[in-house]
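When a residue number appears, it is its place in the shown sequence, counting from 1. Keep in mind that the numbers below use all heavy atoms, side chains included, and drop hydrogens, waters and symmetry copies. We count ligands from 1, going down the list as the structure has it; atoms in each ligand are counted the same way.
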Amino acid sequence: MPPLPTLQTKGAFQQAMKNRAIREKFVNAYARIAGSFAIVFTLAVLASFPPAALAQTTSEEKKRSDAQTALDSPAIEQKVSELLQKMTLEEKIGQLVQYSAGQATGPTSGRTDDTDMIRKGQVGSLFNVTGSQKTNTLQRIAVEESRLHIPLIFGLDIIHGYRTTFPIPLGLAATWDPSLVEKAARVAAQEASAGGVRWAFSPMVDIARDARWGRMAEGAGEDPFLGAAMARAYVRGYQGERLDSPDSIVACVKHYVGYGAAEAGREYNSTEISEHTLRQYYLPPFHAAEEAGAATFMSAFNSLNGIPTSANPFTLKQILKKEWGFKGFVVSDWTSVSELMAHGIANDGATAARKALLAGVDMDMVSNLYHRELLQLVQSGKVPQSAVDEAARRVLRVKFAIGLFDHPYTDENKEAATMLRPENIALSRSAAVHSLVLLRNEAVSGSPILPLATRISSVALIGPLADDPGNMIGSWSALGRSEDAVTLRRALAGKLGESHLRYAKGVEILKGSDEDIAAAVRAAQSADVAILALGEDAPTMTGEAASRSNLGLPGRQQELLEKVVATGKPVILILFSGRPLTLPWAFEHVPAVVAAWFPGVQAGNAIVDVLFGDAAPNGHLPLSWPRSVGQEPLYYNELNTGRPASDPAHPRQEGEAKYISRYIDERSSPQFPFGFGMTYTTFGYGTTQASAKELSLAALTDALAAKGKEPAVLSVSVEIKNTGTRAGESLAQLYVRLQGTSVAMPVRMLKGFQRVTLAPGESRKVVFDLDAKTFAFWGAENTFGVEPARVTIWIAPNSAEGQGTTLEIADK
Ligand code: BGC
């Protein structure tokens with residue numbers, strides 16, 4: 001037998017961690033699916049849909065039911081029951097215990113007797129151990145040496161790829177392309193499973209309305225509708241056609257729930273969310289993931305209305321398990337069971353374990369408290385044995401459903417060949433291209449600065465992120481390696497030839513010298529155009545435990561930017577960040593700005609594709625981009641208030657009404673609205689048209705009850721014209737407002753989106769067929785339904801534009 005890895009010290013995962021430590025130191029865009037396709041929620045406009053789009057809708061439905069069928073299977077339930085009958089109480093508790101086997105991502109439990117625990121059936125899951133050899137070695141102990149041969153499930157934070165790194169999730173959300181995200185998640189599943197990992201702690205579907213919160217980088221932004229579309233895409237991608245296929249991995253939907261609403265954007269902070277707000281805005285992406293068949297959920301760190309979410313029976317038992325009928329299991333977040341003591345709802349470990357289990361947390365990640373306390377708690381009658389049985393049943397159900405008992409091991413000969421396949425690298429490049437959001441593209445010498453002409457004779461490339469491969473793969477990059485990443489410097493040198501490139505770093509992310517800044521200014525002066533690559537350090541400034549109270553460029557980067565702009569050379573700013581940065585000066589003085597997030601292994605190539613027009617930018621913001629930190633939390637789907645500003649685009653001015661909702665020293669409007677994104681052509685949107693001026697409440701209520709069928713109740717359309725000189729793609733976004741309802745509803749809510757590709761001068765009518773759900777919401781009685789209302793609908797290029805149409809939902 002090969003030597004056994006020690007849980008806390010070995011593992012291929014260390015390689016990734018080494019890369020992370022080093023970092024801490026300091027397609028074509030036009031060739032998208034032909035025609036348009038509706039992404040979610042709206043029914044397909046049958047006549048205008050290409051066959052490919054219809055095929056996609058059908059297969060998505062099939063996959064969803066496959067995952068749910070597996071978790072509902074009577075045959076599996078029978079196997080679980082038979083196994084449970086053979087298990088001792090200790091062995092059942094063992095299934096509820098999880099430890100980190102590699103690098104810690106939080107405080108550790110201090111356990112080191114790992115192999116012994118596996119042999120005794122005292123552990124159900126390990127995470128942070130990767131690689132077929134290492135997982136197989138540990139699995140062999142579980143399967144061959146433990147009394148009941150129950151396999152372990154190995155987990156890992158795979159949030160934007162396993163070895164082939166894709167853009168960070170916020171960047172993937174900026175593609176507004178769930179099918180692309182599904183493909184990226186599928187690649188992650190294939191690579192991870194080849195390394196023995198069958199469980200991804202992803203997707204993170206937390207609604208994030210506050211850019212101070214570093215974990216905004218890990219999610220899909222601020223909107224529940226887009227968030228739900230992305231949530232489904234990840235689940236389908238990870239879990240694949242069949243849950244029990246050896247290359248499927250289990251999704252873990254996190255962090256349940258409300259974690260993104262951390263007060264003041266400060267990591268791990270408390271949340272206060274009314275039940276209405278929870279159901280209307282925070283829960284929908286979780287529910288969508290559950291409906292797509294997600295087999296596990298992760299309870300969060302935060303307290304919610306005073307009750308920590310890892311001991312919250314209302315969210316875990318009532319909503320998730322009862323109302324939604326979730327059949328999989330809930331794992332706690334890292335030590336969130338023992339943190340119940342710090343929260344102040346348990347004065348000892350036994351109480352923490354009891355409260356978490358009884359609230360519905362089935363597996364204890366790292367705390368060691370289920371292992372230490374549950375046996376005694378059951379024996380003393382403080383926890384009914386049925387609670388342990390139920391939790392163990394859920395864990396075993398998932399293990400059977402993914403086929404772990406039939407194929408517990410991974411083929412060690414196939415692992416290497418599965419990683420970084422050329423087609424997966426190409427997919428990563430395409431995802432990166434589509435994630436780039438062009439925020440600004442001013443005319444220089446008569447025409448927009450981008451795209452650049454290939455015959456440009458010299459480019460100054462400046463900035464700490466121009467040649468930093470480690471940062472390109474973002475935070476939480478699993479087994480991604482910096483040496484796999486193509487930087488902007490490398491890609492530009494490839495495109496233009498070294499002799500046309502003047503590279504000067506200028507500053508580090510956090511510090512810089514006058515000499516280096518002066519050298520960068522000289523490089524700009526000697527070139528035709530300057531490209532600046534500025535932003536955040538992914539591992540230390542984005543992701544977990546990376547809340548910021550200032551959202552400008554760190555260190556001396558702003559100074560560098562201003563000095564380079566002062567040369568008078570045309571400047572293109574590429575912003576690398578895990579959140580929107582407040583850069584009012586840049587948005588006034590820098591002719592072109594691209595939000596690049598952290599684009600993954602193909603970062604440089606994707607950016608060069610867009611800079612030179614080989615691909616057009618068509619990412620759109622999944623968030624409202626703030627002007628200043630004081631605006632946070634900032635989100636487009638806000639309520640109107642009783643005193644709305646008629647013109648939120650400027651602060652109060654002399655002589656204007658005082659008692660209205662605005663700042664006296666800042667505009668209320670965002671720098672860029674949710675949904676915003678430019679491309680290399682321009683589009684004109686006509687007035688939104690609806691097929692009816694009135695909808696009957698009774699008909700809508702009936703349609704809503706027709707579960708699963710989602711009949712169309714209204715057709716809405718707009719004429720879109722390509723008013724520029726290049727072919728291009730517009731992302732038509734459908735927004736709804738309801739007025740006169742029992743609860744105040746947002747000024748706009750996203751309810752659909754679809755792409756349209758148009759030749760220069762071409763016009764097309766884009767149609768959305770809406771179902772009753774479009775108009776349903778959580779009313780004053782906390783029930784989901786439709787109410788009489790005045791409805792305004794816009795089909796628009798972003799959340800702040802468009803010419804709407806109004807109709808009524810009449811009480812008849
Ligand atoms: C994070 C989770 C993550 C877990 C395991 C926690 O600190 O909040 O998102 O899945 O660690 O690494």
Passes ring-ring contact (aromatic ring centres under 6.0 Å, His included), Phe674 versus Trp176? Steps please.
CA-CA 12 Å; Phe674 173 84; Trp176 289 58; 5.4 Å; yes
Is any N or O atom of Lys254, backbone or side chain, closer than 3.5 Å to an N or O atom of ligand 1?
yes
Decide, yes or no, whether a salt bridge links Glu323 with Arg279 under the criterion of side-chain N to carboxylate O below 4.0 Å.
yes
Ligand-side contact atoms (ligand 1) for residue partner His255, heavy atom cut-off under 4.0 Å:
2 (C), 8 (O), 9 (O)
Considering the heavy atoms of Phe301, write down every atom of ligand 1 situated less than 4.0 Å from one of them.
6 (C), 7 (O), 8 (O)
Structural part of Met204 in contact with ligand 1, heavy atom criterion under 4.0 angstrom:
neither
Asp247 and salt bridge (charged side-chain N to carboxylate O under 4.0 Å, His left out): which single residue from Arg186, Arg242, Arg198 fits?
Arg186
Would you mind running through ligand 1 and noting each atom that sits below 4.0 Å from a heavy atom of Trp334?
6 (C), 7 (O), 11 (O)
I would like to know whether Lys321 and Arg394 meet side-chain contact (heavy atoms from CB on, under 4.5 Å); could you show each step before the answer?
CA-CA 11 Å; Lys321 293 184 177 177; Arg394 286 175 177 273; 3.4 Å; yes
Quick one: which ligand 1 atoms are inside 4.0 Å of a heavy atom on Phe127?
5 (C), 12 (O)
Within the structure, is a non-hydrogen atom of Met298 found at a distance of less than 4.0 Å from ligand 1?
yes
Aromatic ring proximity, centroids under 6.0 angstrom, Trp334 and Phe127:
yes
Ion pair check, Lys254 and Asp157, cut-off under 4.0 Å:
yes
Quick one: look at Arg215 and ligand 1, take heavy-atom pairs under 4.0 Å, and tell me if it's side chain, backbone, both or neither.
side chain
Counting both backbone and side chain atoms, is some N or O of Glu218 under 3.5 Å from an N or O of ligand 1?
no
List ligand 1 atoms under 4.0 Å from Phe201, heavy atoms only on the residue side.
10 (O)
Side chain proximity check, Phe576 to Met472, heavy atoms < 4.5 angstrom
yes
Could you list which atoms of ligand 1 come closer than 4.0 Å to a heavy atom of Asp333?
1 (C), 2 (C), 3 (C), 4 (C), 6 (C), 7 (O), 8 (O), 11 (O)
With distance as the sole criterion, is a donor-acceptor pair present between the side chains of Thr335 and Ser338 under 3.5 Å?
no
